[in-house]
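Worksheet: the structure to be examined is printed underneath.
All values below were derived from every heavy atom in this structure, side-chain atoms included, with hydrogens, water molecules and symmetry-related copies excluded.
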Amino acid sequence: MIRSSLVAVSAALLAPFAVPAQAEEADPGAIVALQFALGGDHKGVRASGAKGVCLKGTFTPSPAAAALSKAPQFAKAVPVTARFSMGGSNPKISDKTKPVTRGFAMRMADPAGDLTFVVVSAPVFSTRTPAQLLEFLKVRAPGPDGKPDAERIKAFAAQNPETGRQAAWLAARPVPASFAGVDYWAVHAYTLTNAAGVGTTAKLKFVAADKAGLSDDELKAKPDSFYADELKQRLAQGPATFDLVAILAEPNDPTADVTASWPEEERKQQTLGTLAITAIEPDATCDAATFDPVVDLPDGIAGPADDPMFAIRSPAYAVSLSRRSN
């Protein structure tokens with residue numbers, strides 16, 4: 001059910017944003033309302049990533065990073081506020097759930113401009129456009145019996161086969177043993193620009209230093225909420241680290257379709273630095289503002305101009321934040 005009040009709120013919140021035409025084919029308020037409906041309409045939570053852990057750390061660039069980007073975060077070490085999360089708007093979702101992405105949001109602070117990424121544990125997103133996302137959510141909305149219509153979902157998948165790529169990726173891999181034990185992708189293509197004005201198109205990936213998945217038997221033995229405790233124990237032993245890697249585009253790599261992956265093993269890659277997560281922070285630290293990867297990009301790195309799923313993020317996050325705050 002789409003709540004008219006959220007749609008009205010979204011109209012007011014969208015006013016400050018110049019949303020590209022390709023992102024206007026679906027109302028962000030309607031998308032957010034359906035995200036909440038699918039998760040059980042819980043109050044005071046995010047539309048996506050409702051269950052999570054707030055963190056702090058440091059990003060230290062590699063010596064070669066400045067050759068690709070003049071962003072201040074690639075010139076010196078900067079403090080980071082971050083958050084691991086489970087996908088969806090249900091704060092009670094089991095950590096053992098397989099067909100959902102784990103999320104990783106971070107804000108790398110600098111007086112010249114923060115750098116924010118919102119990344120997920122799959123190299124692709126579930127839909128290509130906001131309109132397709134709206135339909136993807138609609139067919140999964142619970143009916144009068146409280147359950148989605150399996151036939152509608154099947155028919156939609158048959159007509160939109162690309163929407164099954166993310167689920168197939170997750171199904172083919174074990175449930176991560178830790179939020180810190182899996183790789184995360186920024187599914188959008190970014191342009192990195194150096195001090196000489198040379199631009200490089202790349203996809204960005206956070207590569208975990210200590211990857212681990214759970215066997216079926218190991219998974220059964222876990223409680224529904226084990227990630228937070230595992231992370232606390234892990235960080236007591238030392239930082240959880242990720243290398244930020246730029247996967248460099250070749251001429252025919254798609255930049256406007258987040259359901260399409262690039263052949264990483266065939267692409268040149270450059271390590272831009274290391275993110276070290278050092279401690280758990282109070283939830284209020286992450287709840288004070290939204291992690292907006294569209295607005296928070298300093299000079300030297302830009303999101304795609306032709307990707308409608310990137311453009312819709314900022315207004316959708318604004319609607320979600322409004323609901324969470326009221």
Requested in this report: Only one of Trp185, Phe242, Phe117 passes ring pair (Phe, Tyr, Trp, His ring centres under 6.0 Å) with Phe104; say which it is.
Outcome: Phe242

Query raised in the report: Do the side-chain N and O atoms of Asp292 and Ser314 include a donor-acceptor pair separated by under 3.5 angstrom?
Result: yes

Query raised in the report: Is there a donor-acceptor contact under 3.5 Å linking the side chains of Thr285 and Lys56?
Result: no

Query raised in the report: Do Glu250 and Leu248 have side chains that get closer than 4.5 Å, going by heavy atoms?
Result: no

Query raised in the report: With a 4.5 Å heavy-atom cut-off, do Phe74 and Leu115 have their side chains touching?
Result: yes

Query raised in the report: With under 30° as parallel and over 60° as perpendicular, where do the rings of Phe179 and Tyr227 fit, or are they tilted in between?
Result: tilted

Report summary line: Here the pair of heavy atoms bringing Arg324 nearest to Asp287 is NH1-O, 3.4 Å

Query raised in the report: Is the charged tip of Arg323 near the ring of Phe36: under 6.0 Å from the six-membered ring centre and within 45° of its axis?
Result: yes

Query raised in the report: Quick one: are Ile277 and Leu235 in side-chain contact, heavy atoms under 4.5 Å?
Result: yes

Query - Qualifying residues under side-chain contact (heavy atoms from CB on, under 4.5 Å), relative to Val139, sequence neighbours excluded - result: Arg152, Ile153, Phe156

Requested in this report: Calculate, to the nearest 0.5 Å, the distance between atoms CG and CD belonging to Asp41 and Gln35 respectively.
Outcome: 12.0 Å

Query raised in the report: With a 3.5 Å cut-off and no angle check, do the side chains of Gln166 and Ser126 form a donor-acceptor pair?
Result: no

Requested in this report: Taking the side chain as every heavy atom from C-beta outward, state whether Ser89 and Leu38 have any atom pair closer than 4.5 Å.
Outcome: no

**Report entry** pair Asp253-Arg267: side-chain heavy atoms closer than 4.5 Å
**Finding:** yes

Query raised in the report: By side chain to side chain donor-acceptor pair (under 3.5 Å), which residues pair with Tyr190, not counting sequence neighbours?
Result: none

**Report entry** Euclidean distance, Lys70 NZ relative to Leu192 CG, rounded to 0.5 Å
**Finding:** 12.0 Å

